[in-house]
Structures are given as structure tokens and as C-alpha cells.
Amino acid sequence: QVQPVESGGGLVQAGDSLRLSCAASGGTFSNRALGWFRQVPGKVREFVAAISWSDDRKYYADSVKGRFTISRDNAKNTVYLQMNSLKPEDTDVYYCAARKQWYSITYQGEYDYWGQGTQVTVSS
């Protein structure tokens, strides 16, 4: 059983960059798909980006395409979310999640393991 562990959140200004990390605890991310979601309390959890560990397929939400980049480091068993040109509306708790299959990659219900989340706050 693999447990994603997020880190790297913080408080930044609009236009700044931030890199989130998601490390595997208690297992590996091999043969899994990894997704980043974000959520403000009281709102629906929103898909941000996903990557396939096996073939490096990537998919992004339209709202972050061109600004955010998802990547992986096999040796460190870690997934990253590089966030550039941050906007105040990117303020959220960001969650990393793992699942076995790639289909319906934006659907949070198909993810088996979730991290605890890391807060990202972008000031204007």
C-alpha cells in the first residue's frame, strides 16, 4: 500500500513560482498513475494534472495548461508539480493521489490513495 506524502506548499505572490513534491511512502509509484487535485473547503475537489509512471503520459486541466508542469523522478519515487505564473485563484489545498489505471484520469473517485494535502496561498 503506497501513501503519497505532499510537501512544498507555502505563501507566494502573484506571478511567483512554487514546486510541490509528492513522495511515495510505504511502497512505490511503479505502474501507477499520479494525479494532483486542489480544493478549497466547501468546494468540489478539482483535477489539476496527472502523469503515468509507466509511459510518462501527462494530462492537464485547461485552467493550468501552460503554467503548471507535472513530472516524475524514478530514482526518488517522487512526482512534482511545478507551478509558474501563479494567480490568486490558484490558492487551494493541493492533494496528490495514486491509482492503478489511466482511464477517466480526471475523476477523483478512481484514485485509491490520497495524501494529506499541502496549502498553497497566492497573494495579489
Q) For R57, does its backbone N or O pair with a side-chain atom of S52 as donor and acceptor, under 3.5 Å? A)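 No, S52 side chain to R57 backbone: no donor-acceptor pair under 3.5 Å.
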Indicate, with yes or no, if [Y] and [X] share a hydrophobic cluster defined by side-chain heavy-atom contacts under 4.5 Å among Ile, Leu, Val, Met, Phe, Trp and Tyr.
{"X": "F47", "Y": "L86", "answer": "no"}
{"X": "V122", "Y": "V48", "answer": "yes"}
{"X": "V64", "Y": "Y80", "answer": "no"}
{"X": "F68", "Y": "V12", "answer": "yes"}
{"X": "L18", "Y": "Y95", "answer": "no"}

Q) Charged N to carboxylate O below 4.0 Å: is that the case for D62 and K65? A)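 Salt bridge between D62 and K65, a charged N being under 4.0 Å from a carboxylate O: yes.
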Q) Got a salt bridge between K43 and D92, using NZ or NE/NH1/NH2 to carboxylate O under 4.0 Å? A)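 Salt bridge absent between K43 and D92.
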(Q) With a 6.0 Å cut-off (strictly less than), is the heavy-atom count around CG of N74, excluding the residue itself, greater than 12? (A)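 Atom CG in N74 is packed in, count exceeds 12.
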So, for [X] and [Y], which heavy atoms are closest and what is the spacing to 0.1 Å?
{"X": "Y59", "Y": "T106", "result": "CE2-CG2, 3.6 Å"}
{"X": "A98", "Y": "V2", "result": "CB-CG1, 4.5 Å"}
{"X": "G117", "Y": "E6", "result": "N-OE1, 2.9 Å"}
{"X": "I105", "Y": "Y111", "result": "O-OH, 2.6 Å"}
{"X": "D90", "Y": "S85", "result": "OD2-O, 4.4 Å"}

Q) Looking at the rings of W114 and F37, which for Trp means the six-membered one, are their centres under 6.0 Å apart? A)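 Under 6.0 Å, so yes.
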Q | Candidate pair R67 and M83, rule side-chain contact (heavy atoms from CB on, under 4.5 Å), full reasoning | A | CA-CA 6 Å; R67 299 189 298 124; M83 306 185 294; over 6 Å; no
Q: Kindly determine whether E46 and Q39 satisfy side-chain contact (heavy atoms from CB on, under 4.5 Å), including the steps that lead there.
A: CA-CA 6 Å; E46 176 189 21; Q39 184 178 27; over 6 Å; no
Q | Residues E89, S63; criterion side-chain contact (heavy atoms from CB on, under 4.5 Å); working and verdict | A | CA-CA 10 Å; E89 51 263 43; S63 58; over 6 Å; no
**Q.** Any donor-acceptor N or O pair under 3.5 Å, side chains N84, S17
**A.**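 N84 vs S17: donor-acceptor pair found between side chains.
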Q) Honestly, is R38 close enough over Y94, meaning NZ or CZ under 6.0 Å from the six-membered ring centre and within 45° of the axis? A)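 No, cation not above the ring by the 6.0 Å, 45° rule.
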**Q.** Cation-pi geometry met for R72 and F29 (6.0 Å, 45°)
**A.**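 Output no; distance or angle outside limits.
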Q: Please test N77 against W53 for side-chain contact (heavy atoms from CB on, under 4.5 Å), starting from the C-alpha separation and ending with a verdict.
A: CA-CA 10 Å; N77 216 3; W53 198 264; 3.7 Å; yes
